[in-house]
Amino acid sequence: MEKYQVALLMNIRKQLQEWFEKSQPVQYQDVKRFLHSLAGTSQTIGLEYLGKVSTELLDHISEHPQSTWHTKELQSLLIDIIKICYKDEGIGIPEEAINKLFTKFYRVDNSDMRKIGGTGLGLSIVKEIVKSHQGEIKVDSEWKKGSTFTISLPLMTTHSVEQLDQEKEEGKRSIIIIEDDKSLASLLQVELKESGFYVRHFDRGEAAIEAIQANPPEAIVLDIMLHEHEMNGWDILKTLKDDPNTEHIPIFISSALDEKNKGMEFGAYAYLVKPYQTSKLTNTILQMIVEKNEGNGEILVPRSDTE
């Protein structure tokens, strides 16, 4: 599974856990925004099944809108979202072989399977990976018609979420992402972390400003259209640029609004219009670091985790 797919699935688990732990109902618009973002992002990074399920659920709730969703209603609605399902149309697996399927080096003993080849290790490795994430994998198969493999992952615990959010490695440059599309934010986090940055994410302006003032980052990635009836990106940009303690921090606007001139006038360092390749953001930030250090003859590039 690719890194972006893993990041998206972890983000889904985190969002669902937040909702399921709420004592108050979740707003309809929040559920709709979540499904809309998930439908588009899943298709883009190759999780077609997840994208299809999200689209179907989005159509369903659009036809039957309600103002809020209680925990049990959400669990019933979104149960398939925490499953990844792969279905093939191959030759299938004999019933007597299914119980041995995840055993190391086991291969179904028939002429068709021998033609396909393989070592018999693939599924045993998949099972170990799934178990390491406290999940389970099941298979349903019909001989000569194909197989369906279903991987179920548990929701993240609050403790594990907090542990991930608090993780910081010494010597890494800090970046804060302010973005209410959690799927996109997750992809940006993966990209920036792989380039050696320590990344924190906020989806609301007030919390982000508080964190920035307490511990100023090297750079800020800022969306303009945030939650309704709260601070938007322009409000955050103005607040930070009016504060002598934060006015120096480079701000990279990441928005679907094509208002580059306005952004630069407000003091943004760069303006990226969605959609864009996540690597473009990383390269732009690295270029900023190079330019900042040209004066002292030193070029500082974030180190990778393998160094």
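Quick caveat: nothing in here was measured; it's all calculated off a predicted structure.
Distance CG/Asp242 to OG1/Thr239: 7.0 Å, rounded to 0.5 Å. Taking OH from Tyr271 and OG from Ser255, the interatomic distance works out to 4.0 Å, rounded to the nearest 0.5 Å. Atoms CG and NE2, on Leu240 and His248 in that order, are 10.5 Å from each other to the nearest 0.5 Å. Taking CG from Leu58 and CZ from Arg33, the interatomic distance works out to 12.5 Å, rounded to the nearest 0.5 Å. We find the CZ-CD1 distance between Phe197 and Ile175 to be 4.0 Å, quoted to the nearest 0.5 Å. Here the straight-line distance linking atom OG1 of Thr278 with atom CD of Glu194 works out to 9.5 Å at 0.5 Å rounding.
Contact of the Pro217 side chain with the Ile249 side chain is registered, since non-hydrogen atoms from C-beta on lie closer than 4.5 Å. Put simply, the side chain of Asp223 reaches to within 4.5 Å of the side chain of Asp180, judged on heavy atoms. Proximity of Arg204 to Leu226: side-chain heavy atoms (C-beta onward) are nowhere separated by under 4.5 Å. Between Ile177 and Leu192 there is a side-chain heavy-atom pair separated by less than 4.5 Å. Using a 4.5 Å cut-off on side-chain heavy atoms (C-beta onward), Glu191 and Leu281 make no contact. In this structure, the side chains of Leu257 and Lys262 stay at 4.5 Å or more apart for every pair of heavy atoms. Inter-residue side-chain proximity for Phe252 and Ile220 is flagged as unmet; no heavy-atom pair is nearer than 4.5 Å. In this structure the side chain of Leu188 reaches within 4.5 angstrom of the side chain of Leu184, judged on heavy atoms.
With respect to Lys274 and Glu179, a salt bridge is recorded, a charged nitrogen being found less than 4.0 Å from a carboxylate O.
Here the closest heavy-atom approach between residue Asp235 and residue Glu230 is recorded as OD2-O, 4.4 Å. Residues Val273 and Ala256 share a closest heavy-atom pair of CG1-O, 4.3 Å. Contact between Ala185 and His201 at its shortest, heavy atoms only, is CB-NE2, 3.4 Å. In terms of heavy atoms, Ser254 sits closest to Val221 at CB-CG1, 4.0 Å. Heavy atoms only, all atoms of each residue included: Pro250 and Met288 are closest at CG-SD, 3.8 Å. Ile253 and Ala268 make their closest contact through CD1-CB, 3.7 Å (heavy atoms, listed as atom of the first residue, atom of the second, distance).
In this structure Phe266 satisfies the ring-ring contact (aromatic ring centres under 6.0 Å, His included) test together with Trp234, sequence neighbours excluded.
Remark: the Ser174 side chain and the Glu218 side chain contain no N/O donor-acceptor pair separated by less than 3.5 Å. Donor-acceptor pairing under 3.5 Å is recorded for the side chains of Glu291 and Tyr269.
In His36, the NE2 atom is not crowded: 12 or fewer heavy atoms of neighbouring residues, nucleotides or ligands sit closer than 6.0 Å. Annotation: Glu56, atom CD; neighbour count of heavy atoms from other residues, nucleotides and ligands within 6.0 Å is above 12.
Put simply, the side chain of Asp30 never gets that close to the backbone of Val26: no donor and acceptor are under 3.5 Å apart.
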For Val290 and Leu286, run side chain to side chain contact (heavy atoms under 4.5 Å, CB included): C-alpha distance rounded to whole Å, both residues' side-chain angles, the deciding distance at 0.1 Å, then the answer.
CA-CA 6 Å; Val290 170; Leu286 289 173; 5.6 Å; no
Walk me through it: do Leu222 and Ile176 pass the test side chain to side chain contact (heavy atoms under 4.5 Å, CB included)?
CA-CA 8 Å; Leu222 175 65; Ile176 283 181; over 6 Å; no
